[in-house]
Engineer: 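Here it is: the structure, laid out below.
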Amino acid sequence: MSYDVIVIGAGPGGYVAAIRAAQLGGKVLLVEKDRLGGVCLNRGCIPTKTLLKSADKWRELQHCGEFGLKAGEIGFDFTAVAARRDAVVAQLRGGVEQLVKSNDIEIKYGTAQLRGGSRVTIQEQDGSCEVEGKAIILATGSSPVALPVPGGDLPGVINSDHLLAMNHVPASMLVIGAGAVGIEFAAIYQAFGCDVTVVEMMPGILPNLDSDIVKRAGLALRKQGLKMLTNTKVTGIAAADGLLNVTVDNGKGTQQIVVENVLMAAGRRANTTGLGLEDAGVAVERSGIPVNDRLETNVPRIYAIGDVTGRMMWAHAASAAGVVAAENAMGGHSQIDFRAVAGGIFTTPEIAMVGLTEQEAGPDIKVGRFNFAANGKAVSLGETDGLVKIIADAATDKVVGVHIMGPHASDLIMEGALAIQHGLTASQLAHTIHPHPTLCETVGEAAHGVNGDIIHQVKMKPRR
Ligand code: FAD
């Protein structure tokens, strides 16, 4: 069979690319070796955020007295929490299937391999077949990295895929890696009563985030009971009476931590092996498949998008790349623009960011900050922890970075993304009237703060 576009991998990059190519009139084949929706829907964004919602509701229930509410006996049943997680994933997967089918996209379940030129073989459960595509889009995603730690292959040492398949909360867990994935899992399981220790070899948690946010997030997470060891390496794991004895080293000495599970959350690697890249002549680097702004690989008519490129490992970045690659595969001239890709870390409170951090932006900047504690809506919600920080260019006043920790940070950040994408100034953002009472007033106030004219901030009088 011959197609206009063959898409390999049905994650948020691949299925979106398939839909866009079909919208443009292409005959499209989507190949998936596992389940529609990829990591994001089945083992990433959606199951974690569903668990987080249960964790948040459980926290709220425990503090309902603060809102004048009384509850009888309270508790949780993690089997039911996990069942809801799975039901949400299944519902959304059904939605993706409907979307794909309604666009007349053919789906084949099997493992695809490039054969050179326009040829692809697909190993299905009941045999293999060969197909041809005028264009091929590689969207095979990424997998968790297993660290080469002695004892790293012991039972009980798990990755994010394993943890999301578990229907119970371990009594204790050591998380290796304090990046977004590690911190999200740590916070969720801590809320359900797991005794969590996060070990990070870098000097701070959440490397690459703005330092103000890292400081505030560290305080908030420690207040929730998370133990975090930075500048510390895991040097070995040993079995100990059904548990795991983990040795950690902070350069000054070693320490033993006994836990039920060790979660490896120290990064992900592009899925490039077994894909036939060598046969097709597609160049590959350690971080993934290199592409240009049109998402073209070094081989004409073969495109790569999403995590497999090793760039911007976010679901929405993969989807945006999918649209661009599909348009080019169908003869268009589209380019990806990654200038203003916002990211979210779904702890409580949430963290979100777009653009440059203060460390990256250099000295020629103006900074505005506004605390959620001074926002009426946040006070009424009882969620006052956090701040909005806006960084603007000192000369032009253009917004170059927005960093938020606080309630609904992942929604509020879009104001920053719009500002950066369209070159708005802090003053333009500030003078866009923000409705009251809303959380987005914090963004307006922080934007005022860039030029020193915050309204809702107590003025400090100089001491006499
Ligand atoms: P994937 O989603 O990895 O999909 C690739 C697909 O290709 C898979 O289904 C795979 O089975 C298939 N495949 C691979 N090889 C072949 C082959 N040879 N033949 C056929 N099929 C193949 N991002 C966010 O934006 N927000 C979040 O909140 C968020 N939370 C996350 C939480 C966790 C725990 C994890 C692990 C990730 C999270 N991410 C989040 C990242 C997000 O999941 C990824 O960036 C996104 O899934 C990448 O999409 P993709 O389409 O490139 O690849």
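Residue numbers run from 1 in the order of the sequence given.
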Engineer: Got more than 12 heavy atoms from elsewhere within 6.0 Å of CE, M166?
Structural biologist: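 Enclosed: over 12 neighbouring heavy atoms sit under 6.0 Å from CE of M166.
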
Engineer: Is a salt bridge present between D34 and R43, judged by a nitrogen-to-oxygen distance below 4.0 Å?
Structural biologist: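 Yes.
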
Engineer: Among side-chain atoms of R20 and Q23, is any donor-acceptor pair under 3.5 angstrom?
Structural biologist: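 Yes, Q23 and R20 have a side-chain donor paired with an acceptor closer than 3.5 Å.
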
Engineer: Check whether H316 reaches the backbone of A342 with its side chain - one donor and one acceptor, N or O, closer than 3.5 Å.
Structural biologist: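 Answer holds: yes.
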
Engineer: Return the minimal non-hydrogen interatomic distance between A265 and V175, and the atom names on each side.
Structural biologist: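 Closest approach of A265 to V175, heavy atoms only: CB-CG1, 4.2 Å.
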
Engineer: Do side-chain atoms of E32 reach the backbone of A10 as a donor and acceptor pair under 3.5 angstrom?
Structural biologist: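 Confirmed, E32 side chain pairs with A10 backbone.
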
Engineer: Does the side chain of T247 come under 3.5 Å of the side chain of Q256 through a donor N or O and an acceptor N or O?
Structural biologist: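 Side chains of T247 and Q256: pair found under 3.5 Å.
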
Engineer: Please tell me whether E441 and H436 have a donor and an acceptor in their side chains that are separated by less than 3.5 angstrom.
Structural biologist: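 There is such a pair between these side chains.
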
Engineer: List the steps, then state whether salt bridge (charged side-chain N to carboxylate O under 4.0 Å, His left out) holds for K398 with D393.
Structural biologist: CA-CA 5 Å; K398 281 192 178 173; D393 182 273; over 6 Å; no

Engineer: Flag the pair K227 and D195 as a salt bridge only when some basic side-chain nitrogen lies within less than 4.0 angstrom of an acidic carboxylate oxygen.
Structural biologist: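 Salt bridge present between K227 and D195.
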
Engineer: Assess whether side-chain contact (heavy atoms from CB on, under 4.5 Å) is satisfied between V367 and R369, documenting all intermediate values.
Structural biologist: CA-CA 7 Å; V367 178; R369 293 181 182 82; 3.7 Å; yes

Engineer: Mark yes or no for whether N328, through its side chain, and S334, through its backbone, hold a donor-acceptor pair below 3.5 Å.
Structural biologist: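 Yes.
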
Engineer: Around R269, counting heavy atoms of other residues, nucleotides and ligands shown, do more than 12 lie under 6.0 Å from its CZ?
Structural biologist: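 Open: at most 12 neighbouring heavy atoms sit under 6.0 Å from CZ of R269.
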
Engineer: How about I74: does its CD1 atom have over 12 heavy atoms from other parts shown lying under 6.0 Å from it?
Structural biologist: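 Count over threshold, so yes.
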
Engineer: My understanding is that only residues two or more places apart in sequence, or in another chain, count here; which of them pass ring pair (Phe, Tyr, Trp, His ring centres under 6.0 Å) with F76?
Structural biologist: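 W58, F192.
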
Engineer: Determine whether more than 12 heavy atoms belonging to other residues, nucleotides or ligands lie under 6.0 Å from atom NE2 of H168.
Structural biologist: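 Atom NE2 in H168 is packed in, count exceeds 12.
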
Engineer: Scan side-chain atoms only and decide if S142 and D307 contain a donor-acceptor pair under the 3.5 Å cut-off.
Structural biologist: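 A pair is found: one side chain offers a donor N or O, the other an acceptor, under 3.5 Å apart.
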
Engineer: Locate the shortest heavy-atom distance separating N167 from A82; write the atom from each residue and the value.
Structural biologist: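 That closest heavy-atom pairing would be OD1-CB, 3.3 Å.
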
Engineer: So, N159 versus R268: side-chain donor-acceptor pair below 3.5 Å or not?
Structural biologist: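 N159 vs R268: no donor-acceptor pair found between side chains.
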
Engineer: Judged by modelled atom types alone, do T235 and D249 share a side-chain donor-acceptor pair under 3.5 Å?
Structural biologist: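 No pair is found: no donor N or O on one side chain lies under 3.5 Å from an acceptor on the other.
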
Engineer: Testing the 3.5 Å rule here: is there a donor-acceptor pair between the side chains of S410 and E350?
Structural biologist: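 Result is yes, a qualifying pair exists.
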
Engineer: Under a 3.5 Å cutoff, is there a donor and acceptor pairing between the side chains of D337 and Q421?
Structural biologist: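 Side-chain D/A pair, D337 to Q421: present.
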
Engineer: Would you call K101 and E97 a salt bridge, taking side-chain N to carboxylate O under 4.0 Å as the test?
Structural biologist: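 Looking at K101 and E97, the cut-off is met.
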
Engineer: Can you tell me if R93 uses its side chain to pair, donor with acceptor, with the backbone of L36 under 3.5 Å?
Structural biologist: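 No, R93 side chain to L36 backbone: no donor-acceptor pair under 3.5 Å.
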
Engineer: Determine, for K377 against E383, whether the closest basic-nitrogen to carboxylate-oxygen distance falls under 4.0 angstrom.
Structural biologist: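 Looking at E383 together with K377, the answer is no, because their closest N to O distance does not fall below 4.0 Å.
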
Engineer: Measure across G343 and W314 and return the closest heavy-atom pair with its distance rounded to 0.1 Å.
Structural biologist: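 So the two residues come closest at CA-CZ2, 3.5 Å.
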
Engineer: Is a side-chain donor or acceptor of Q335 paired with a backbone partner of D293 at a separation under 3.5 angstrom?
Structural biologist: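 No.
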
Engineer: Tell me whether the count of non-hydrogen atoms from other residues, nucleotides or ligands lying under 6.0 Å of CE in M201 goes above 12.
Structural biologist: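 No, not enclosed.
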
Engineer: I need the minimum non-hydrogen distance between G406 and F372, along with the two atoms involved.
Structural biologist: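 Looking at all heavy atoms of both residues, the shortest contact is CA-CE1, 3.7 Å.
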
Engineer: Taking atom types as modelled, find out whether H434 and E445 have a side-chain donor-acceptor pair closer than 3.5 angstrom.
Structural biologist: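 Side chains of H434 and E445: no pair found under 3.5 Å.
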
Engineer: A quick test of your reading: do over 12 heavy atoms of other residues, nucleotides or ligands sit less than 6.0 Å from CD of Q359?
Structural biologist: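 More than 12 within 6.0 Å, yes.
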
Engineer: Return the minimal non-hydrogen interatomic distance between P290 and V284, and the atom names on each side.
Structural biologist: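 Nearest heavy atoms, P290 then V284: CD-CA, 4.0 Å.
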
Engineer: Go through the steps for T442 and N375 under the test side chain to side chain donor-acceptor pair (under 3.5 Å), then give the verdict.
Structural biologist: CA-CA 7 Å; T442 57; N375 172 264; 5.4 Å; no

Engineer: The test is side-chain contact (heavy atoms from CB on, under 4.5 Å); show your working for Q428 and D397 and say whether it passes.
Structural biologist: CA-CA 9 Å; Q428 283 172 318; D397 196 38; over 6 Å; no

Engineer: Is it the case that the side chain of E200 and the backbone of A178 share a donor-acceptor pair, with hydrogens and angles ignored and the cut-off at 3.5 Å?
Structural biologist: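 Present.
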
Engineer: Shortest non-hydrogen contact from I137 to A17?
Structural biologist: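 The pair with the smallest heavy-atom distance is CD1-CB, 4.1 Å.
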
Engineer: Please step through salt bridge (charged side-chain N to carboxylate O under 4.0 Å, His left out) for the pair D56 and R59, ending with a clear verdict.
Structural biologist: CA-CA 5 Å; D56 277 346; R59 264 199 209 104; 3.1 Å; yes

Engineer: Around atom CG of D77, are there more than 12 heavy atoms from other residues, nucleotides or ligands closer than 6.0 Å?
Structural biologist: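 Yes, the 6.0 Å shell around CG holds more than 12 heavy atoms from other groups.
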
Engineer: For L69, does the CG atom have more than 12 heavy-atom neighbours from other residues, nucleotides or ligands under 6.0 Å away?
Structural biologist: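 It does: L69 CG has more than 12 such atoms within range.
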
